[in-house]
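The next block holds one structure in the form of C-alpha coordinates; read it before the comments.
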Amino acid sequence: MTPNENSISIFPQADLVPTPYRIESPIEQRQYLIDGVIKEWTGPLQDVLSPICETVHGGMQRKLIGRYPLLGEEQALEALDAACGAYDHERGVWPTLSVEERIRHIEAFVYRMKTQRNDIVKLLMWEIAKALPDAEKEFDRTIDYIRDTIDALKDLDRISSRFVIEQGVIGQIRRAPLGVVLCMGPFNYPLNETFTTLIPALIMGNTVLFKPPKLGVLLLKPLLDAFRDSFPKGVVNTVYGEGQKVIAPIMRSGRVDVLAFIGSSKVADMLKQQHPKPHRLRCVLGLEARNPGIVLKDANLELAIKECVLGSLSFNGQRCTALKILFVHRDIVEDFLTKFSDTVDALTCGVPWDAGVQITPLPEINKTEYLLELIEDARAMGATVVNQGGRVHHTFMYPAVVYPVGPGMRLYSEEQFGPIVPIVPFSDIKEPMNYITQSNYGQQVSLFGSDPLVMAKLIDPLVNQVCRVNINSQCQRGPDTFPFTGRKDSAEGTLSVSDALRVFSIRSLVAAKNTDENRHIIKSITTERMSRFLSTDFIF
Ligand code: G3H
(Lines give C-alpha, C1' and ligand atoms only; values in the text may rest on other atoms or scores of the structure.)
Protein backbone atom coordinates (compact mmCIF):
# COMPACT_ATOMS: atom_id res chain seq x y z
CA MET A 1 0.00 0.00 0.00
CA THR A 2 1.36 3.47 -0.88
CA PRO A 3 0.10 6.93 0.10
CA ASN A 4 -1.87 7.10 -3.17
CA GLU A 5 -4.09 4.26 -2.13
CA ASN A 6 -7.01 4.26 0.22
CA SER A 7 -5.69 4.48 3.76
CA ILE A 8 -8.80 2.96 5.30
CA SER A 9 -7.58 -0.51 4.38
CA ILE A 10 -4.35 -0.16 6.41
CA PHE A 11 -6.22 -1.91 9.21
CA PRO A 12 -7.50 -5.42 8.48
CA GLN A 13 -10.91 -6.87 9.13
CA ALA A 14 -10.64 -9.30 12.08
CA ASP A 15 -11.27 -12.31 9.86
CA LEU A 16 -8.42 -11.27 7.54
CA VAL A 17 -5.78 -11.57 10.24
CA PRO A 18 -3.82 -14.76 9.44
CA THR A 19 -4.80 -17.49 11.89
CA PRO A 20 -1.38 -17.87 13.61
CA TYR A 21 -1.36 -14.17 14.46
CA ARG A 22 -4.92 -13.80 15.72
CA ILE A 23 -5.72 -12.79 19.28
CA GLU A 24 -9.22 -14.19 19.73
CA SER A 25 -9.84 -12.75 23.17
CA PRO A 26 -7.89 -10.31 25.38
CA ILE A 27 -5.01 -11.86 27.33
CA GLU A 28 -5.71 -11.19 30.98
CA GLN A 29 -2.38 -11.25 32.78
CA ARG A 30 -2.76 -11.32 36.55
CA GLN A 31 0.54 -13.08 37.20
CA TYR A 32 3.73 -11.48 38.44
CA LEU A 33 6.93 -13.09 39.74
CA ILE A 34 8.33 -12.30 43.17
CA ASP A 35 10.70 -14.40 45.25
CA GLY A 36 10.37 -17.45 43.04
CA VAL A 37 6.58 -17.49 43.23
CA ILE A 38 4.18 -16.57 40.43
CA LYS A 39 1.48 -14.66 42.26
CA GLU A 40 -2.06 -13.84 41.17
CA TRP A 41 -3.01 -10.17 41.30
CA THR A 42 -6.55 -9.33 42.28
CA GLY A 43 -6.17 -5.55 42.13
CA PRO A 44 -6.61 -3.11 39.23
CA LEU A 45 -5.42 -3.98 35.73
CA GLN A 46 -4.15 -1.83 32.88
CA ASP A 47 -5.84 -2.26 29.50
CA VAL A 48 -3.44 -2.97 26.66
CA LEU A 49 -4.64 -1.29 23.46
CA SER A 50 -2.90 -2.31 20.28
CA PRO A 51 -1.84 0.35 17.76
CA ILE A 52 -3.67 -1.88 15.28
CA CYS A 53 -7.21 -0.56 15.03
CA GLU A 54 -10.44 -2.42 14.40
CA THR A 55 -13.89 -1.33 13.32
CA VAL A 56 -16.34 -1.09 16.20
CA HIS A 57 -19.90 0.17 15.57
CA GLY A 58 -18.78 1.71 12.28
CA GLY A 59 -15.85 3.60 13.86
CA MET A 60 -12.16 2.68 14.22
CA GLN A 61 -10.55 2.07 17.59
CA ARG A 62 -7.43 0.43 18.99
CA LYS A 63 -8.03 -3.26 19.57
CA LEU A 64 -8.05 -4.32 23.21
CA ILE A 65 -5.55 -7.18 23.34
CA GLY A 66 -5.10 -7.69 27.05
CA ARG A 67 -4.56 -6.39 30.55
CA TYR A 68 -1.69 -6.46 32.99
CA PRO A 69 -1.39 -5.90 36.75
CA LEU A 70 -1.11 -2.40 38.18
CA LEU A 71 0.79 -3.36 41.30
CA GLY A 72 1.15 -0.99 44.23
CA GLU A 73 3.92 0.16 46.53
CA GLU A 74 3.50 -2.89 48.79
CA GLN A 75 4.20 -5.37 45.95
CA ALA A 76 7.05 -3.22 44.62
CA LEU A 77 8.76 -3.27 48.01
CA GLU A 78 8.07 -6.98 48.33
CA ALA A 79 9.92 -7.50 45.02
CA LEU A 80 12.77 -5.36 46.31
CA ASP A 81 12.95 -7.36 49.55
CA ALA A 82 13.10 -10.55 47.51
CA ALA A 83 15.97 -9.26 45.35
CA CYS A 84 17.88 -7.98 48.41
CA GLY A 85 17.25 -11.27 50.23
CA ALA A 86 18.50 -13.34 47.31
CA TYR A 87 21.63 -11.20 47.09
CA ASP A 88 22.09 -11.21 50.88
CA HIS A 89 25.17 -8.95 50.89
CA GLU A 90 26.81 -11.21 48.32
CA ARG A 91 26.31 -14.23 50.54
CA GLY A 92 23.17 -15.46 48.73
CA VAL A 93 23.05 -18.62 46.65
CA TRP A 94 23.22 -16.76 43.33
CA PRO A 95 26.16 -14.40 43.89
CA THR A 96 28.18 -17.25 45.44
CA LEU A 97 27.65 -19.70 42.58
CA SER A 98 30.65 -20.29 40.35
CA VAL A 99 30.66 -18.70 36.90
CA GLU A 100 30.17 -22.14 35.36
CA GLU A 101 27.08 -22.77 37.49
CA ARG A 102 25.58 -19.39 36.68
CA ILE A 103 26.13 -20.05 32.98
CA ARG A 104 24.24 -23.34 33.34
CA HIS A 105 21.22 -21.49 34.79
CA ILE A 106 21.28 -18.96 31.94
CA GLU A 107 21.50 -21.80 29.40
CA ALA A 108 18.50 -23.49 31.01
CA PHE A 109 16.61 -20.21 30.69
CA VAL A 110 17.54 -19.77 27.00
CA TYR A 111 16.36 -23.30 26.29
CA ARG A 112 12.95 -22.46 27.76
CA MET A 113 12.87 -19.01 26.15
CA LYS A 114 13.31 -20.45 22.67
CA THR A 115 10.09 -22.43 23.05
CA GLN A 116 8.17 -19.15 23.47
CA ARG A 117 9.36 -17.55 20.20
CA ASN A 118 6.00 -17.65 18.38
CA ASP A 119 4.03 -16.12 21.26
CA ILE A 120 6.59 -13.39 21.85
CA VAL A 121 6.87 -12.51 18.15
CA LYS A 122 3.08 -12.37 17.88
CA LEU A 123 2.84 -10.02 20.87
CA LEU A 124 5.64 -7.79 19.51
CA MET A 125 3.44 -7.36 16.44
CA TRP A 126 0.26 -6.59 18.36
CA GLU A 127 1.68 -4.50 21.18
CA ILE A 128 4.09 -2.25 19.30
CA ALA A 129 3.25 -3.02 15.64
CA LYS A 130 6.72 -4.29 14.86
CA ALA A 131 6.80 -5.88 11.38
CA LEU A 132 6.99 -9.69 11.46
CA PRO A 133 10.61 -10.01 10.16
CA ASP A 134 11.77 -7.30 12.61
CA ALA A 135 9.93 -8.96 15.50
CA GLU A 136 11.56 -12.28 14.61
CA LYS A 137 14.91 -10.53 14.35
CA GLU A 138 14.43 -8.91 17.77
CA PHE A 139 13.83 -12.34 19.29
CA ASP A 140 16.69 -14.10 17.48
CA ARG A 141 19.12 -11.24 18.11
CA THR A 142 18.32 -11.50 21.81
CA ILE A 143 19.08 -15.21 21.84
CA ASP A 144 22.37 -14.52 20.00
CA TYR A 145 23.16 -11.78 22.50
CA ILE A 146 22.73 -14.20 25.39
CA ARG A 147 24.96 -16.80 23.71
CA ASP A 148 27.62 -14.18 22.96
CA THR A 149 27.39 -12.98 26.58
CA ILE A 150 28.07 -16.51 27.83
CA ASP A 151 31.11 -16.78 25.52
CA ALA A 152 32.39 -13.35 26.58
CA LEU A 153 32.09 -14.30 30.25
CA LYS A 154 34.00 -17.53 29.66
CA ASP A 155 36.79 -15.48 28.02
CA LEU A 156 36.79 -13.00 30.89
CA ASP A 157 36.88 -15.78 33.45
CA ARG A 158 39.73 -17.55 31.66
CA ILE A 159 41.82 -14.38 31.81
CA SER A 160 40.94 -13.95 35.51
CA SER A 161 41.95 -17.48 36.44
CA ARG A 162 45.65 -16.60 36.36
CA PHE A 163 47.83 -14.82 38.90
CA VAL A 164 49.76 -11.60 38.40
CA ILE A 165 53.07 -11.00 40.15
CA GLU A 166 54.04 -7.33 40.23
CA GLN A 167 56.56 -5.52 42.44
CA GLY A 168 56.79 -8.44 44.84
CA VAL A 169 53.01 -8.77 45.19
CA ILE A 170 50.97 -11.75 43.98
CA GLY A 171 47.43 -10.87 42.92
CA GLN A 172 44.39 -12.51 41.46
CA ILE A 173 41.86 -10.09 40.01
CA ARG A 174 38.29 -11.10 39.25
CA ARG A 175 35.02 -9.34 38.69
CA ALA A 176 32.44 -9.50 41.48
CA PRO A 177 28.75 -8.57 41.38
CA LEU A 178 27.43 -5.19 42.54
CA GLY A 179 24.14 -6.10 44.21
CA VAL A 180 20.53 -5.39 43.25
CA VAL A 181 19.92 -4.17 39.71
CA LEU A 182 16.78 -2.41 38.51
CA CYS A 183 16.33 -2.99 34.75
CA MET A 184 13.93 -0.93 32.69
CA GLY A 185 13.87 -1.27 28.90
CA PRO A 186 12.21 0.88 26.21
CA PHE A 187 9.03 0.22 24.22
CA ASN A 188 10.75 0.07 20.82
CA TYR A 189 12.88 -2.94 21.79
CA PRO A 190 10.95 -4.21 24.80
CA LEU A 191 12.55 -7.64 24.67
CA ASN A 192 16.02 -7.02 23.27
CA GLU A 193 17.00 -3.88 25.14
CA THR A 194 15.57 -5.15 28.43
CA PHE A 195 17.60 -8.34 28.03
CA THR A 196 20.82 -6.60 27.01
CA THR A 197 20.99 -5.33 30.58
CA LEU A 198 19.08 -8.04 32.43
CA ILE A 199 21.17 -10.97 31.18
CA PRO A 200 24.63 -9.47 31.85
CA ALA A 201 23.40 -8.24 35.24
CA LEU A 202 22.26 -11.77 36.12
CA ILE A 203 25.22 -13.65 34.75
CA MET A 204 27.62 -11.50 36.79
CA GLY A 205 25.85 -12.62 39.99
CA ASN A 206 23.54 -9.68 40.69
CA THR A 207 19.88 -10.08 41.53
CA VAL A 208 17.34 -8.26 39.44
CA LEU A 209 14.09 -6.35 39.53
CA PHE A 210 12.72 -5.63 36.13
CA LYS A 211 9.89 -3.45 35.02
CA PRO A 212 8.67 -3.78 31.44
CA PRO A 213 8.17 -0.54 29.48
CA LYS A 214 4.70 1.05 29.28
CA LEU A 215 4.15 -0.54 25.87
CA GLY A 216 5.34 -4.07 25.20
CA VAL A 217 4.39 -5.69 28.51
CA LEU A 218 2.35 -8.78 27.68
CA LEU A 219 5.16 -10.20 25.54
CA LEU A 220 7.20 -10.88 28.68
CA LYS A 221 4.43 -12.95 30.25
CA PRO A 222 5.39 -16.14 28.37
CA LEU A 223 8.79 -15.97 30.12
CA LEU A 224 7.59 -15.80 33.73
CA ASP A 225 7.60 -19.59 34.22
CA ALA A 226 11.06 -19.86 32.64
CA PHE A 227 12.42 -17.19 34.99
CA ARG A 228 10.89 -18.91 38.00
CA ASP A 229 12.20 -22.36 37.07
CA SER A 230 15.66 -21.34 35.82
CA PHE A 231 16.94 -19.24 38.74
CA PRO A 232 17.04 -19.52 42.52
CA LYS A 233 14.16 -17.73 44.21
CA GLY A 234 14.37 -13.96 44.40
CA VAL A 235 17.03 -13.68 41.69
CA VAL A 236 14.54 -12.37 39.10
CA ASN A 237 11.52 -10.35 40.20
CA THR A 238 8.98 -8.49 38.08
CA VAL A 239 7.42 -5.15 38.80
CA TYR A 240 4.33 -4.10 36.83
CA GLY A 241 2.52 -0.80 37.13
CA GLU A 242 2.87 2.97 37.01
CA GLY A 243 6.42 4.21 37.51
CA GLN A 244 5.49 6.79 40.13
CA LYS A 245 3.73 4.16 42.24
CA VAL A 246 6.11 1.24 41.92
CA ILE A 247 9.53 2.58 40.95
CA ALA A 248 9.67 5.69 43.14
CA PRO A 249 9.46 3.70 46.44
CA ILE A 250 12.06 1.24 45.18
CA MET A 251 14.51 4.02 44.33
CA ARG A 252 13.77 5.97 47.51
CA SER A 253 14.66 2.90 49.57
CA GLY A 254 18.31 3.37 48.61
CA ARG A 255 18.62 -0.41 48.20
CA VAL A 256 19.11 -0.43 44.44
CA ASP A 257 22.81 -0.65 43.56
CA VAL A 258 22.59 -0.36 39.78
CA LEU A 259 20.03 1.38 37.61
CA ALA A 260 19.91 0.10 34.03
CA PHE A 261 17.47 2.31 32.20
CA ILE A 262 16.77 2.92 28.52
CA GLY A 263 14.42 5.86 28.03
CA SER A 264 14.36 9.63 28.42
CA SER A 265 16.97 11.68 30.28
CA LYS A 266 14.12 13.42 32.15
CA VAL A 267 12.96 10.15 33.70
CA ALA A 268 16.56 8.99 34.26
CA ASP A 269 17.35 12.19 36.20
CA MET A 270 14.20 11.78 38.26
CA LEU A 271 15.05 8.18 39.15
CA LYS A 272 18.62 9.05 40.10
CA GLN A 273 17.47 11.90 42.31
CA GLN A 274 15.06 9.61 44.14
CA HIS A 275 17.99 7.57 45.44
CA PRO A 276 19.00 8.87 48.89
CA LYS A 277 22.70 8.18 48.23
CA PRO A 278 23.23 8.87 44.53
CA HIS A 279 26.99 8.29 44.84
CA ARG A 280 26.24 4.65 45.65
CA LEU A 281 24.07 4.18 42.60
CA ARG A 282 25.79 3.01 39.46
CA CYS A 283 23.93 3.82 36.27
CA VAL A 284 23.91 2.52 32.77
CA LEU A 285 21.61 4.68 30.69
CA GLY A 286 20.57 4.70 27.04
CA LEU A 287 18.80 8.02 26.47
CA GLU A 288 17.65 10.33 23.68
CA ALA A 289 19.52 10.84 20.46
CA ARG A 290 19.08 12.94 17.36
CA ASN A 291 21.54 11.37 14.96
CA PRO A 292 22.12 13.50 11.87
CA GLY A 293 22.95 12.30 8.39
CA ILE A 294 25.25 14.60 6.40
CA VAL A 295 25.13 14.15 2.63
CA LEU A 296 28.10 15.81 0.92
CA LYS A 297 27.88 16.95 -2.69
CA ASP A 298 30.11 14.12 -3.96
CA ALA A 299 28.10 11.39 -2.20
CA ASN A 300 26.96 8.32 -4.10
CA LEU A 301 23.33 9.46 -4.20
CA GLU A 302 21.77 6.07 -4.74
CA LEU A 303 23.62 4.58 -1.77
CA ALA A 304 23.01 7.65 0.43
CA ILE A 305 19.27 7.53 -0.29
CA LYS A 306 19.04 3.82 0.43
CA GLU A 307 20.86 4.19 3.76
CA CYS A 308 19.03 7.39 4.73
CA VAL A 309 15.62 5.79 4.08
CA LEU A 310 16.58 2.76 6.14
CA GLY A 311 18.19 4.91 8.82
CA SER A 312 15.32 7.32 9.18
CA LEU A 313 12.32 5.05 8.66
CA SER A 314 13.15 1.51 9.85
CA PHE A 315 10.49 0.68 12.42
CA ASN A 316 8.86 4.02 11.52
CA GLY A 317 11.84 6.00 12.84
CA GLN A 318 11.25 4.62 16.34
CA ARG A 319 14.88 3.71 17.07
CA CYS A 320 17.16 5.71 19.30
CA THR A 321 19.78 5.26 16.58
CA ALA A 322 17.48 6.49 13.79
CA LEU A 323 18.64 9.30 11.51
CA LYS A 324 16.39 12.06 12.83
CA ILE A 325 17.58 14.92 10.62
CA LEU A 326 19.33 15.00 7.24
CA PHE A 327 21.68 17.78 6.13
CA VAL A 328 22.00 17.70 2.36
CA HIS A 329 24.36 19.90 0.31
CA ARG A 330 22.48 22.54 -1.70
CA ASP A 331 24.17 21.50 -4.98
CA ILE A 332 22.44 18.11 -4.88
CA VAL A 333 19.44 18.77 -2.67
CA GLU A 334 16.82 18.98 -5.46
CA ASP A 335 17.92 15.68 -6.96
CA PHE A 336 18.14 14.13 -3.48
CA LEU A 337 14.64 15.31 -2.54
CA THR A 338 13.03 13.91 -5.68
CA LYS A 339 14.66 10.49 -5.41
CA PHE A 340 14.35 10.30 -1.64
CA SER A 341 10.63 11.19 -1.77
CA ASP A 342 9.98 8.62 -4.50
CA THR A 343 11.69 5.93 -2.44
CA VAL A 344 9.75 6.89 0.69
CA ASP A 345 6.44 6.94 -1.19
CA ALA A 346 7.17 3.46 -2.52
CA LEU A 347 7.53 1.98 0.99
CA THR A 348 4.94 -0.64 1.79
CA CYS A 349 2.52 0.47 4.49
CA GLY A 350 0.35 -1.87 6.48
CA VAL A 351 0.08 -4.06 9.54
CA PRO A 352 2.99 -6.13 10.88
CA TRP A 353 2.14 -9.44 9.22
CA ASP A 354 1.57 -7.93 5.72
CA ALA A 355 4.14 -9.22 3.25
CA GLY A 356 7.04 -6.80 2.81
CA VAL A 357 5.56 -4.19 5.13
CA GLN A 358 7.93 -1.34 6.06
CA ILE A 359 5.71 1.29 7.71
CA THR A 360 3.26 0.26 10.43
CA PRO A 361 0.95 1.97 13.00
CA LEU A 362 2.47 3.84 15.94
CA PRO A 363 1.99 2.47 19.47
CA GLU A 364 2.46 5.61 21.58
CA ILE A 365 -0.77 7.27 22.73
CA ASN A 366 -1.56 10.49 20.75
CA LYS A 367 1.62 10.04 18.71
CA THR A 368 0.10 10.97 15.36
CA GLU A 369 -1.35 14.17 16.88
CA TYR A 370 2.13 15.10 18.12
CA LEU A 371 3.71 14.39 14.75
CA LEU A 372 1.08 16.50 12.97
CA GLU A 373 1.90 19.37 15.35
CA LEU A 374 5.56 19.13 14.33
CA ILE A 375 4.60 19.28 10.66
CA GLU A 376 2.25 22.22 11.25
CA ASP A 377 4.97 24.08 13.13
CA ALA A 378 7.40 23.56 10.23
CA ARG A 379 4.74 24.60 7.69
CA ALA A 380 4.06 27.80 9.60
CA MET A 381 7.75 28.62 9.24
CA GLY A 382 7.96 27.97 5.51
CA ALA A 383 8.61 24.23 5.11
CA THR A 384 6.40 21.81 3.21
CA VAL A 385 5.83 18.10 3.05
CA VAL A 386 7.54 17.38 -0.27
CA ASN A 387 6.31 13.82 -0.74
CA GLN A 388 2.87 12.28 -0.54
CA GLY A 389 3.13 11.56 3.19
CA GLY A 390 2.07 13.27 6.37
CA ARG A 391 -1.53 12.07 6.27
CA VAL A 392 -2.78 10.31 9.33
CA HIS A 393 -5.25 7.53 9.77
CA HIS A 394 -5.84 6.95 13.51
CA THR A 395 -2.55 5.46 14.75
CA PHE A 396 -0.97 5.37 11.33
CA MET A 397 1.02 8.11 9.57
CA TYR A 398 2.31 7.98 6.01
CA PRO A 399 5.98 8.94 6.29
CA ALA A 400 6.53 12.64 5.64
CA VAL A 401 9.61 14.26 4.12
CA VAL A 402 9.72 17.88 5.32
CA TYR A 403 11.82 20.52 3.54
CA PRO A 404 13.45 23.00 4.04
CA VAL A 405 13.82 22.59 7.78
CA GLY A 406 15.86 25.18 9.68
CA PRO A 407 16.64 26.67 13.09
CA GLY A 408 13.60 27.70 15.10
CA MET A 409 11.43 24.84 13.87
CA ARG A 410 10.60 22.11 16.33
CA LEU A 411 11.68 19.55 13.73
CA TYR A 412 15.17 21.08 13.86
CA SER A 413 15.66 20.19 17.52
CA GLU A 414 12.97 17.80 18.87
CA GLU A 415 13.42 14.04 18.74
CA GLN A 416 10.36 13.12 16.68
CA PHE A 417 10.80 9.34 17.14
CA GLY A 418 8.39 8.71 14.29
CA PRO A 419 7.99 8.69 10.49
CA ILE A 420 8.99 12.28 9.67
CA VAL A 421 12.26 13.03 7.89
CA PRO A 422 13.35 16.68 8.26
CA ILE A 423 15.80 17.78 5.57
CA VAL A 424 18.06 20.81 6.01
CA PRO A 425 19.96 22.22 3.00
CA PHE A 426 23.50 23.45 3.62
CA SER A 427 26.20 25.25 1.62
CA ASP A 428 28.96 25.30 4.19
CA ILE A 429 29.93 22.16 6.15
CA LYS A 430 30.20 24.40 9.21
CA GLU A 431 26.38 24.45 9.34
CA PRO A 432 25.88 20.73 10.16
CA MET A 433 29.10 20.69 12.20
CA ASN A 434 27.81 23.57 14.37
CA TYR A 435 24.48 21.81 14.71
CA ILE A 436 26.25 18.75 16.10
CA THR A 437 28.47 20.78 18.43
CA GLN A 438 25.52 22.67 19.84
CA SER A 439 23.19 19.67 20.06
CA ASN A 440 22.28 18.24 23.46
CA TYR A 441 22.84 14.79 22.02
CA GLY A 442 25.96 12.92 21.02
CA GLN A 443 25.23 9.36 19.99
CA GLN A 444 26.14 8.83 16.30
CA VAL A 445 26.33 10.50 12.89
CA SER A 446 26.21 9.21 9.32
CA LEU A 447 28.51 10.80 6.79
CA PHE A 448 27.90 10.32 3.07
CA GLY A 449 30.70 11.29 0.66
CA SER A 450 33.45 9.88 -1.53
CA ASP A 451 36.60 12.01 -1.13
CA PRO A 452 38.83 10.31 1.48
CA LEU A 453 40.57 13.58 2.39
CA VAL A 454 37.32 15.47 2.93
CA MET A 455 35.93 12.56 4.93
CA ALA A 456 39.07 12.33 7.08
CA LYS A 457 38.88 16.03 7.93
CA LEU A 458 35.31 15.51 9.14
CA ILE A 459 35.81 12.22 10.93
CA ASP A 460 38.43 13.63 13.30
CA PRO A 461 36.26 16.38 14.84
CA LEU A 462 33.12 14.23 14.69
CA VAL A 463 34.49 11.35 16.78
CA ASN A 464 34.94 13.89 19.56
CA GLN A 465 31.30 15.00 19.33
CA VAL A 466 29.57 11.63 19.02
CA CYS A 467 30.51 8.03 19.77
CA ARG A 468 30.23 6.46 16.34
CA VAL A 469 30.79 7.94 12.90
CA ASN A 470 29.19 5.81 10.18
CA ILE A 471 30.66 6.18 6.70
CA ASN A 472 28.15 5.84 3.89
CA SER A 473 26.01 3.74 6.24
CA GLN A 474 23.01 4.38 8.43
CA CYS A 475 23.44 4.70 12.21
CA GLN A 476 22.85 1.53 14.20
CA ARG A 477 23.67 -0.22 17.43
CA GLY A 478 24.94 -3.48 15.96
CA PRO A 479 27.01 -5.55 15.77
CA ASP A 480 26.30 -6.05 19.46
CA THR A 481 29.98 -6.69 20.14
CA PHE A 482 30.70 -3.03 19.19
CA PRO A 483 30.52 -0.42 21.97
CA PHE A 484 27.16 1.31 22.12
CA THR A 485 27.18 4.60 24.00
CA GLY A 486 26.78 8.34 23.64
CA ARG A 487 27.91 11.73 24.91
CA LYS A 488 25.94 14.57 26.54
CA ASP A 489 22.24 13.69 27.09
CA SER A 490 22.46 10.49 25.02
CA ALA A 491 23.93 7.91 27.40
CA GLU A 492 25.80 7.04 30.52
CA GLY A 493 28.07 4.00 30.45
CA THR A 494 28.80 1.74 27.52
CA LEU A 495 26.95 -1.36 26.43
CA SER A 496 28.29 -4.10 24.21
CA VAL A 497 28.42 -7.82 24.87
CA SER A 498 31.71 -7.50 26.78
CA ASP A 499 31.26 -3.97 28.18
CA ALA A 500 27.96 -4.96 29.77
CA LEU A 501 29.73 -7.63 31.84
CA ARG A 502 32.00 -4.90 33.21
CA VAL A 503 29.15 -2.45 33.81
CA PHE A 504 27.37 -4.90 36.11
CA SER A 505 30.42 -5.91 38.12
CA ILE A 506 33.38 -4.50 39.96
CA ARG A 507 36.98 -5.68 40.05
CA SER A 508 37.90 -7.26 43.32
CA LEU A 509 41.23 -8.89 44.07
CA VAL A 510 43.16 -11.03 46.48
CA ALA A 511 46.76 -9.87 47.00
CA ALA A 512 49.70 -11.10 49.07
CA LYS A 513 53.36 -10.33 49.46
CA ASN A 514 55.33 -12.89 47.49
CA THR A 515 56.70 -14.86 50.47
CA ASP A 516 57.14 -18.62 51.01
CA GLU A 517 54.33 -18.68 53.55
CA ASN A 518 51.88 -16.78 51.32
CA ARG A 519 52.77 -18.88 48.30
CA HIS A 520 52.08 -21.99 50.36
CA ILE A 521 48.67 -20.67 51.48
CA ILE A 522 47.66 -19.68 47.94
CA LYS A 523 48.87 -22.98 46.49
CA SER A 524 46.95 -25.01 49.07
CA ILE A 525 43.75 -23.03 48.50
CA THR A 526 43.91 -23.38 44.74
CA THR A 527 45.02 -27.03 44.52
CA GLU A 528 42.49 -28.12 47.13
CA ARG A 529 39.84 -25.86 45.48
CA MET A 530 38.98 -24.30 48.83
CA SER A 531 37.86 -20.96 47.43
CA ARG A 532 35.44 -19.98 44.68
CA PHE A 533 37.27 -16.70 44.08
CA LEU A 534 40.90 -17.65 44.60
CA SER A 535 41.02 -20.34 41.99
CA THR A 536 42.88 -21.37 38.85
CA ASP A 537 39.98 -23.40 37.46
CA PHE A 538 39.66 -22.85 33.75
CA ILE A 539 36.29 -22.90 31.95
CA PHE A 540 36.46 -24.86 28.72
O1 G3H B 1 16.53 2.20 20.00
C2 G3H B 1 17.75 2.03 20.05
C3 G3H B 1 18.34 0.73 19.70
O4 G3H B 1 19.39 0.37 20.53
C5 G3H B 1 18.79 0.73 18.29
O6 G3H B 1 19.27 -0.47 17.91
O7 G3H B 1 20.32 0.34 15.82
O8 G3H B 1 19.98 -2.07 16.24
O9 G3H B 1 18.03 -0.59 15.76
P10 G3H B 1 19.40 -0.72 16.34
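Side chains included, hydrogens not; waters and symmetry mates left out as well; all remaining heavy atoms used. Whatever order the structure lists ligands and atoms in, that order sets their numbers, starting from 1. All residue numbers in this chain count up from 1 along the given sequence.
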Candidates T343, D345, D342 - the one meeting side-chain hydrogen bond (donor to acceptor under 3.5 Å, both in side chains) with N387 | D345

Salt bridge (charged side-chain N to carboxylate O under 4.0 Å, His left out) involving K272 - partner list, sequence neighbours excluded = E492

Among Q318, R290, K324, K367, find the residue that satisfies the side-chain hydrogen bond (donor to acceptor under 3.5 Å, both in side chains) test when tested with Q416.
-> R290

Among V466, L287, T321, which residue meets the side-chain contact (heavy atoms from CB on, under 4.5 Å) test with Q443?
-> T321

Could you pull out every protein residue that has a heavy atom closer than 4.0 Å to ligand 1, ordered by chain and then number?
-> R141, N188, Y189, E193, R319, C320, T321, Q476, R477, F484

Taken in chain and number order and not counting sequence neighbours, the residues that satisfy salt bridge (charged side-chain N to carboxylate O under 4.0 Å, His left out) with E376 are R379

With sequence neighbours excluded, what pairs up with D499 under the salt bridge (charged side-chain N to carboxylate O under 4.0 Å, His left out) test?
-> none

